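Before I ask anything, let me first share the structure, which is written out below as structure tokens.
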Amino acid sequence: MSDVRHVLVLPDRDAAEEVVEALGERFGLAEEPRIVRDALAGEDDAEDAQWLVVLRDEEGRLDPDELHTFAGEWDGWREVP
């Protein structure tokens with residue numbers, strides 16, 4: 001079974017919102033990714049938080065290495081399941 005989701009970790013909400021838009025343009029996603037605040041990263045202060053961009057990929061069409069490279073362009077990384 002292939003990954004049904006990918007998670008990109010970003011340093012702030014602004015970056016996460018920009019990544020969602022750029023992902024759609026670059027990868028032609030059928031479904032818009034979700035943005036989720038990582039409650040386990042840092043204090044409750046939003047400045048210390050990390051933001052997760054969650055992409056559903058039930059058909060396994062997205063290349064994990066390409067997504068990792070893409071996330072790095074935004075000072076983030078791809079979380080490996």
Side-chain angles (χ1 to χ4, degrees):
M1 181 176 175
S2 65
D3 283 341
V4 295
R5 67 180 177 92
H6 298 279
V7 177
L8 305 181
V9 182
L10 285 302
D12 58 56
R13 181 162 181 99
D14 289 340
E17 289 174 351
E18 291 175 16
V19 161
V20 166
E21 185 175 328
L23 278 166
E25 292 173 5
R26 186 157 166 182
F27 295 98
L29 303 176
E31 182 179 328
E32 185 169 302
R34 291 186 310 131
I35 297 175
V36 180
R37 183 180 176 278
D38 183 354
L40 300 177
E43 301 295 324
D44 288 338
D45 186 349
E47 291 181 19
D48 293 336
Q50 294 175 332
W51 293 84
L52 311 178
V53 174
V54 182
L55 298 89
R56 293 185 58 80
D57 185 26
E58 293 176 354
E59 297 178 15
R61 297 180 345 178
L62 299 172
D63 179 358
D65 292 331
E66 194 173 337
L67 287 170
H68 188 79
T69 299
F70 175 84
E73 295 170 8
W74 297 88
D75 294 326
W77 68 89
R78 176 179 174 268
E79 187 174 274
V80 178

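Remember, predicted model here, so these are calculated numbers, not experimental data. Start at 1 with the first residue, then count along the sequence.
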With a 4.5 Å cut-off on side-chain heavy-atom distances among I, L, V, M, F, W and Y, is there a chain of contacts connecting L62 to V7?
no
Could you pull out the closest heavy-atom pair between H68 and R78, with the gap in Å?
ND1-N, 3.4 Å
Hey, are the side chains of V9 and D38 touching, using non-hydrogen atoms and a 4.5 Å cut-off?
no
Roughly how far, to the nearest 0.5 Å, is CZ of R5 from CG of L55?
10.5 Å
With sequence neighbours left out, the residues meeting side chain to side chain contact (heavy atoms under 4.5 Å, CB included) with D14 are D12, E17
By side chain to side chain contact (heavy atoms under 4.5 Å, CB included), which residues pair with A22, not counting sequence neighbours?
F70, W74
Can you sort out the partners of E66 under side chain to side chain contact (heavy atoms under 4.5 Å, CB included), two or more places apart, ordered by chain and number?
F27, D63
Check whether any side-chain heavy atom of I35 sits under 4.5 Å from a side-chain heavy atom of L10, and report yes or no.
no
Here the gap from Q50 atom CD to L52 atom CG, rounded to the nearest 0.5 Å, amounts to 7.5 Å
Please tell me if the side chains of L67 and L23 come closer than 4.5 Å, counting only heavy atoms from C-beta onward.
yes
Pairing residues for E73 by the salt bridge (charged side-chain N to carboxylate O under 4.0 Å, His left out) criterion, not counting sequence neighbours
R26
Connected via hydrophobic side-chain network under 4.5 Å: V54 and W77
yes
